[in-house]
Amino acid sequence: EAIGAQLTCVFVDHGLLRMNEREQVETLFRDHYNIPLVVVDAEERFMAGLAGVTDPEKKRKFIGGEFINVFEEEAKKIGGADFLAQGTLYPDVIESVSFTGGPSVTIKSHHNVGGLPARMNMQLVEPLRELFKDEVRALGRELGLNDQFVGRHPFPGPGLAIRIPGEVTKERCDVLRKADAVYLEEIRNAGLYDAIWQAFAVLLPVRTVGVMGDGRTYDNVCALRAVMSTDGMTADIYPFESAFLSRVSTRIINEVKGINRVVYDYTSKPPGTIEWE
């Protein structure tokens, strides 16, 4: 509201989004806000840059740098765009770099903090940089934002790239998208979405032997993650009932070609981070 007509929103589809996410974001935006929205289809360039990359930090750094390249290209098209506004939160800052210049260790470079290139043509504006997620949600409700925006589970900038340990390919993203969609659908059907801070599937670079009908399979393992948290700094695993996990596992194995085993991640934060990479 403060920036008014000087604001242009740029949504980058890097090919690492969840099922139908681009369409959902476009619809939410266009139905609720009279703001110019530019959607950039950048899947090919991100996938090309990720080919052969397996190190988590290298993935994050590449994605952060490529995001900025896309934003700067779009800024040139618009003309006169001197500032880039980001929704960086305090946990991103703490895990990426020391906020005060003190001795905190880099746990992982968030694409919007430690993953940014040193030289940028635009100045960063980060109004939420010192807020935690629960504070941002309180602010969103105070501003009257749609609850579909405010209540969405966090989703990392690098997207599915850090939920696919090892090399990222379009084929692996497509398999993970389907598994993740089944998992979230079951969570919503069970009325658990708002009780969980974040839930997602991970496609492991591990293949195991299975049996389907009378045949042998040799396919990927899918891990499920669901945690409860207030601010994302610490998290406990969500205690699903075993019947729920059995139902999700059966659906994923039956409906998603390429997965023949499902496991549940019982690791809290610490010692594990919420995301796998």
Given 3.5 Å as the limit, does a donor-acceptor pair link the side chain of [X] with the main chain of [Y], or not?
{"X": "E21", "Y": "R18", "result": "yes"}
{"X": "D147", "Y": "V150", "result": "no"}
{"X": "H14", "Y": "G157", "result": "yes"}
{"X": "R225", "Y": "I274", "result": "yes"}
{"X": "H153", "Y": "I196", "result": "yes"}
{"X": "E135", "Y": "F132", "result": "yes"}
{"X": "K133", "Y": "G232", "result": "no"}
{"X": "K59", "Y": "A161", "result": "yes"}
{"X": "E167", "Y": "G52", "result": "yes"}

Which heavy atom of [X] sits nearest to which heavy atom of [Y], and what is that distance?
{"X": "L16", "Y": "F155", "answer": "O-CZ, 3.6 Å"}
{"X": "L37", "Y": "E26", "answer": "CD2-CA, 4.1 Å"}
{"X": "I35", "Y": "C9", "answer": "CG2-SG, 3.7 Å"}
{"X": "L128", "Y": "G87", "answer": "CD1-CA, 4.5 Å"}
{"X": "I187", "Y": "A199", "answer": "CD1-CB, 3.4 Å"}

Indicate yes or no: at least one non-hydrogen side-chain atom of [X] is less than 4.5 angstrom from one of [Y].
{"X": "L204", "Y": "V202", "result": "yes"}
{"X": "I253", "Y": "V262", "result": "yes"}
{"X": "V12", "Y": "E74", "result": "no"}
{"X": "L224", "Y": "D265", "result": "no"}
{"X": "R172", "Y": "L176", "result": "no"}

Should [X] and [Y] be counted in the same cluster of Ile, Leu, Val, Met, Phe, Trp and Tyr side chains packed under 4.5 Å apart?
{"X": "L143", "Y": "L131", "result": "yes"}
{"X": "V93", "Y": "V125", "result": "no"}
{"X": "L7", "Y": "F11", "result": "yes"}

Quiz item: cation-pi between [X] and [Y], 6.0 Å / 45°:
{"X": "R188", "Y": "Y193", "value": "yes"}
{"X": "R129", "Y": "Y90", "value": "no"}
{"X": "R60", "Y": "F62", "value": "no"}
{"X": "R152", "Y": "W197", "value": "no"}

**OP:** Starting from the C-alpha separation in whole Å, work towards a yes-or-no answer on side chain to side chain donor-acceptor pair (under 3.5 Å) for Q198 and E275.
**Re:** CA-CA 10 Å; Q198 195 172 2; E275 296 287 348; 3.0 Å; yes
Original post:
Considering residues, nucleotides and ligands other than E44, do more than 12 of their heavy atoms fall under 6.0 Å from its CD?
Top reply: no
Between [atom1] on residue [X] and [atom2] on residue [Y], distance to nearest 0.5 Å:
{"X": "R163", "Y": "R177", "atom1": "CZ", "atom2": "CZ", "answer": "12.0 Å"}
{"X": "L50", "Y": "I164", "atom1": "CG", "atom2": "CD1", "answer": "9.5 Å"}
{"X": "D180", "Y": "L17", "atom1": "CG", "atom2": "CG", "answer": "11.5 Å"}
{"X": "Q24", "Y": "M19", "atom1": "CD", "atom2": "CE", "answer": "10.5 Å"}

**OP:** Using the side chain to side chain donor-acceptor pair (under 3.5 Å) rule, take E66 and N69 through it: C-alpha gap first, then chi angles, then the decisive distance, then the call.
**Re:** CA-CA 5 Å; E66 199 62 15; N69 290 339; 3.2 Å; yes
Please table the atom pairs, donor to acceptor, closer than 3.5 Å between any side-chain atom in residues 237-249 and protein atoms at least two apart or in another chain.
residue : atom : partner : partner atom : Å
S246    : OG   : S242    : O            : 3.1
R247    : NE   : E186    : OE1          : 3.1

Original post:
Less than 4.0 Å between a side-chain N and a carboxylate O, is that true for D174 and K178?
Top reply: no
Original post:
Per the side chain to side chain donor-acceptor pair (under 3.5 Å) rule, which among D219, N220, N260, T217 passes with T208?
Top reply: N260
